[in-house]
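What follows is a short report on a single structure.
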Amino acid sequence: MPLWLQAGGWGLLAGSALVLGALAGYVARLPPRLVASVMAFGAGVLLSAVSFELIAEAHDRAGLAPTAAGALCGAVIYTGCNIALARRGARHRKRSGGGRQPSEAQQSGSGQAIAVGALLDGVPESIVIGVSLLGGGAVSAVTVAAVFISNVPEGLSSAAGMRAAGRSPRYVFGLWGGIAVVSGLASLAGHTLLGDAPQVILAAITALAGGAILTMIADTMIPEAFEDAHLLTGLVTVSGFLLAFGVSQAGG
């Protein structure tokens, strides 16, 4: 199978976890503490992937300076976009509790802001999946697994909050299904558009994605987990981190 097609397929697979999580979050009445614990676990998995797959890979490609610059740029870009979206009603897009996500009646345009916010959260993860296939090698199984596992609680928690805000199943599953498709396209773009890029550019882009994901974890995933799980948050997060780290070492 051509590598460009593999890149799109792996990105779509990772993105499909959003739909699975949204289905569970919208249909099932899960206890808030369980939702928060799953979110904490996903945050730990992503933290491991950022540390040992993205930042470490960028450093191996081009050294500290491009890695640090890329990560900081990713954090700045994500923060700026997140602030803009928060002002339009997407501040609590990953929150599952009732009353946190505004309905369209409460804040016009909040549905669009939440959709754009979901894209902001998912696209950097997908791009690095496509980048990992550059050079003819195999896809980074750890990165795909980390994105897939972390996408489940993201979709779950956000869909539960959308249900509480009165958003329809058509909106919820149309949103997450569309983002799953965009995830595949982003992975495809990461592979095809960056195929001839110098190593320093690839390192900077990989680190940029890592910085954006790390900022997303701190801004959205950890607060959601801590809100309901509280004293269990650290333990569950470390469990997710160690699982992903173990997979990374076994794969290496």
d(Arg61 CZ, Ile205 CD1) to nearest 0.5 Å is 10.0 Å
Between Leu194 and Gly190 the two heavy atoms that sit nearest each other are CB-O, 3.3 Å
d(Leu156 CG, Asn151 CG) to nearest 0.5 Å is 12.0 Å
Closest non-hydrogen contact found for Tyr26 with Ser168 is OH-C, 3.6 Å
| said: Quick check: do Phe41 and Leu243 have side-chain heavy atoms less than 4.5 Å from each other? | reply: yes
Margin query: Using modelled atom types and a 3.5 Å cut-off, is there a donor and acceptor pairing between side-chain atoms of Thr237 and backbone atoms of Gly44?
Written below: no
For the residue pair Phe245 and Phe52, does the interplanar ring angle fall in the parallel (under 30°), tilted (30 to 60°) or perpendicular (over 60°) class? tilted
**Prompt:** Just by modelled atom types, is the Ser183 backbone N or O under 3.5 Å from a matching donor or acceptor in the Ser187 side chain?
**Reply:** no
Side chain to side chain contact (heavy atoms under 4.5 Å, CB included) test vs Thr215 passes for just one of Ile77, Val76, Thr79, namely Thr79
All heavy atoms of Leu12 vs all of Ala180, minimum pair found to be CD1-O, 3.3 Å
In terms of heavy-atom contacts, Gly240 and Val45 come closest through O-CG2, 3.5 Å
Self-check item: Heavy-atom side-chain contact between Leu46 and Met221 under 4.5 Å
Solution: yes
According to a hydrophobic-cluster definition based on side-chain heavy atoms being under 4.5 Å apart (Ile, Leu, Val, Met, Phe, Trp, Tyr only), do Leu85 and Ile217 belong together? yes
When rounded to the nearest 0.5 Å, the distance separating CE of Met216 from CG of Leu120 is 8.5 Å
d(Thr67 OG1, His59 NE2) to nearest 0.5 Å is 6.0 Å
Value for CZ (Phe148) from CG (Leu13), rounded to nearest 0.5 Å, stands at 6.0 Å
His191 and Ala7 have their tightest heavy-atom pair at CB-CB, 3.7 Å
So CG of Leu188 and CG of Leu3: to nearest 0.5 Å the spacing works out to 11.5 Å
Problem - Joint cluster assignment, Leu208 & Ile213, ILVMFWY side-chain distance < 4.5 Å - result: no
Check: Would a 4.5 Å heavy-atom cut-off, applied to side chains only, mark Met162 and Leu175 as touching?
Finding: yes
What one should report as the nearest heavy-atom pair of Ala225 and Thr233 is O-OG1, 3.5 Å
- Message: What I'd like to find out is whether the side chain of Asp219 reaches to under 4.5 Å of the side chain of Tyr78, using heavy atoms alone.
- Response: yes
Treating Ile, Leu, Val, Met, Phe, Trp and Tyr as nodes and any side-chain heavy-atom pair under 4.5 angstrom as an edge, say whether Val27 and Trp176 lie in one connected cluster. yes
Could you state whether Leu242 and Leu47 fall into the same hydrophobic cluster, counting links through intermediate Ile, Leu, Val, Met, Phe, Trp or Tyr residues with side-chain heavy atoms under 4.5 angstrom apart? yes
